[in-house]
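All chains are named by letter (A, B, ...) in the order of the sequence lines, taking the proteins before the strands, and each is independently numbered beginning at 1. Just so we're clear, the structure is a prediction, and the values are computed from it rather than from any experiment.
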Amino acid sequence: MSVRVRFAPSPTGQVHIGNIRAAIFNWLFARHEGGNFLLRIEDTDLQRSTPEAIAVLLEVMRWLELDFDEEPLYQSSQRQKHLEAAEKLREQGHAYGDDKEADSQALVFRIPWEAEKLCEGVKNLGPVQMKLHPERPLQISHKGLQFAGLSKKGAPVHDSACLAGFKDLQVRDAEGRIIFTLQEHLDEVLREGRQFMLENAAELHFTRRSISYVDQVKGEMSKPLDSMRDLVILRSDGSPVFHLANVVDDITQRVSHIIRGDDHVENTFRHLFLFACLDAKPPVYAHLPMIVNASGKPYSKRDGDAFVGDFRNKGFLPQALFNYLSLLGWSPGDDREKMSRDELVEAFSLQRCLRSSAQMDQVKLAALNGLYIAEMELSEFIAQCREFVQRLPWGKDLDEDYFRRVCAFMQSRLKRFADVEQWQYFFVEDYVKDEKFCQKQLSDENTLKALSLLHDKLAVLNEFTAEHIEACIHEVTSEADIRQGRLNQPIRAAITGISTGAGIYETMELLGAERSIKRLKLSGK
RNA sequence: GUCUCCAUCGUCUAGGGGUCUAGGACACCGGGUUUUCAUCCCGGCAACAGGGGUUCGAAUCCCCUUGGAGAUGCCA
């Protein structure tokens, strides 16, 4: 069977980092297996799914080079198929109408009573008992059971569950007498829609069944049917719900493996039954751990910057983001971190995916990004820098040759392109200064005297090169009785206004004699 | 509440019973530079959540506790 995986986002105008990570893993898996990577746009929410939102999604995928193999499938185009599937389920007795409201078209999928006949992963777990709270009568119908269970402390817990959860059900009263046996009434309940209300039900005896599957990353997963409920597949207005649409589309696209976020594990148990009742072989599942924010919580609006576009705007390279994200919840098993796409494709496997959630670390991402920046072709690097610098108020008409030299000088140190903002002092005189730092460095009387002395020496320096500048500084420090190196930070404060940067001698050389000397003079008082 | 998962340095991770006095990376600290810096090189700090088992031997297997996440929608 050939591998076919899909990325199935709903276009909301922005692409979340967790979503794109799922896309990356799907892509990596498809490429590793030599299979197909499909895109399905779940655009049934017509409010949010605008052409603009879809354009944003496609642009993000293009940027990260997540190329897909077939024409994208728009879920909205599949509505007829969804409705046909719903009708088929109804005809075969796997779904029933919700008759709460007269004109409702809502349809509910029933976890099938003959679960083990239909679905491969259903197991018999043996007999169990469950105590009930007398507060509420037990209600039994083809829609399942409604009752009040018992919490650990004995408090009533209102609950409901699908009928299929209670195979061989016997209901007993407080004295232990059997007051109801499901097997005797099964046909009435299931086919005639008869409902039973049992006032004095105290204990449920039944055979517990579970549905299980082998998750490619989490291993064997299972859930008892008595903790499941029937699920709505058509809304009152007749529109298909996610569960139905998703499963039907996966069948249509012949998806072989579903690789998605952890938050879908519960759905998987239900989808397995849907596949079975639609006569389809279920796909192989793999659930990826979630990505969480710096405080270990899932990303929320408060965190803001969890969208792919934000990373792009900060000047992260797509290769770096791709590489970093692939390392969240997966590793190649050796010490490699910076890996090319080809290496990632080669090394990727679902079995090496982790089961626990991972925290995004922007600092580490920036470090990796810096590695990618450092190895860029200079011309390409300059082009990127220009793009970012042009967004800044001072970055419009810069001297071309000088700009190139600054770029070449700073390339090895830049981590994110948005940080070109800090190069301001190379280009304008009213650059932003770190006042606190400057004040600290430029307050000592002796230091200021030394700077003034340096100014005078540099003013008559023949060759304004790093080497000569350094020699000059050495002279000044010994004349002013300042320890070697002690004057460097004050000079940096005077020249750049900020505490960090490239080597100060080279910086001055690049800046040129005129500007360097002028700034030294300005700081002299 | 109930159900389903998860748990190694601050963070990302290696680890599939002995080779673990637990390895790498980012961050941090120190050195190279008798203290310039965001590059580079070298070094250091730092973790098996707790408690019980199983075993000659457990970070690795089992159970419990604690903590965390997800689900419990006519959202996706």
(request) Spell out protein contact along nucleotides 5-21 of chain B as letters: B when the base is contacted, S when just the sugar-phosphate is, - when no protein heavy atom is under 4.0 Å; keep the 5' to 3' order. (result) SSS---SBSSS------

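- Look at the P atom in both C64(B) and C45(B): the space between them is 38 Å, to the nearest Å.
- You'll find that the side chain of Arg229(A) is closest to U72(B), out of G70(B), C3(B), U72(B).
- For A76(B), the base is stacked against the aromatic ring of His264(A), per a cut-off of 5.5 Å between centres and 30° between planes.
- Between His243(A) and Phe109(A), the distance separating the two ring centers is not shorter than 6.0 angstrom.
- No contact: Pro289(A) has no heavy atom under 4.0 Å from any strand.
- Side-chain atoms of His82(A) and Gln75(A) include no donor-acceptor pair closer than 3.5 Å.
- Of the candidate nucleotides C74(B), G1(B), C37(B), C37(B) has the atom lying nearest to any side-chain atom of Arg492(A).
- Annotation: cation-pi geometry satisfied between Arg21(A) and Phe25(A) (NZ/CZ under 6.0 angstrom from ring centroid, within 45° of ring axis).
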With the criterion being N/O to N/O and under 3.5 Å, what pairs connect the protein with nucleotides 31-35 of chain B, and how long is each?
residue: U35(B); atom: OP1; partner: Gln484(A); partner atom: O; Å: 3.4
residue: U35(B); atom: OP2; partner: Arg483(A); partner atom: NH1; Å: 2.5
residue: U35(B); atom: O4; partner: Arg483(A); partner atom: NH2; Å: 2.9
residue: U35(B); atom: O4; partner: Arg486(A); partner atom: NE; Å: 3.3
residue: U35(B); atom: O4; partner: Arg486(A); partner atom: NH2; Å: 2.1

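- Separating the P atom of U8(B) from that of U13(B) is a span of 9 Å, rounded to the nearest Å.
- Other residues, nucleotides and ligands contribute at most 12 non-hydrogen atoms within 6.0 Å of the CD atom of Glu377(A).
- Separation of the P atoms belonging to A49(B) and A59(B) is 10 Å when rounded to the nearest angstrom.
- Using a 4.0 Å heavy-atom criterion, one finds that Lys338(A) contacts no nucleic acid atom at all.
- Between Arg336(A) and Glu346(A) no salt bridge is recorded (no basic side-chain N to carboxylate O distance below 4.0 Å).
- Classified by interplanar angle (parallel below 30°, tilted 30° to 60°, perpendicular above 60°), the ring pair Phe426(A)/Phe409(A) is perpendicular.
- In this structure, Gln411(A) reaches neither bases nor backbone, as no heavy-atom distance under 4.0 Å exists between it and the strands shown.
- One finds no salt bridge joining Asp230(A) and Lys143(A) here, because no Lys/Arg side-chain nitrogen approaches an Asp/Glu carboxylate oxygen to under 4.0 Å.
- For Ile373(A) and A38(B), the CD1 to C1' distance is 12 Å, given to the nearest whole Å.
- Taking the P atoms as reference points, U19(B) lies 26 Å from C6(B), given to the whole Å.
- Defined by atom type and a distance below 3.5 Å, a donor-acceptor pair is present between the side-chain atoms of Arg235(A) and Ser239(A).
- For the pair Ile111(A) CD1 and U72(B) P, the interatomic distance rounds to 14 Å; values are reported in whole Å.
- Here C37(B) presents its P atom at 10 Å from CZ of Arg413(A), a figure rounded to the nearest Å.
- To the nearest angstrom, C1' of A38(B) lies 15 Å from CZ of Phe417(A).
- Closest to the side chain of His243(A), from the set A76(B), C37(B), U39(B), is A76(B).
- Ring-plane geometry between Phe316(A) and Phe311(A) is classed as tilted, the angle between the planes lying from 30 to 60 degrees on a 0 to 90 degree scale.
- For C3(B), the paired nucleotide is G70(B), the pair qualifying as Watson-Crick or G-U wobble because both relevant distances are below 3.5 Å.
- Going from atom CD of Glu509(A) over to atom C1' of U36(B) covers 16 Å, rounded to whole Å.
- When the side-chain nitrogen and oxygen atoms of Arg235(A) are compared with OP1 and OP2 of A76(B), one or more of them lie within a distance under 4.0 Å.
- No side-chain donor-acceptor contact under 3.5 Å links Gln253(A) and Arg6(A).
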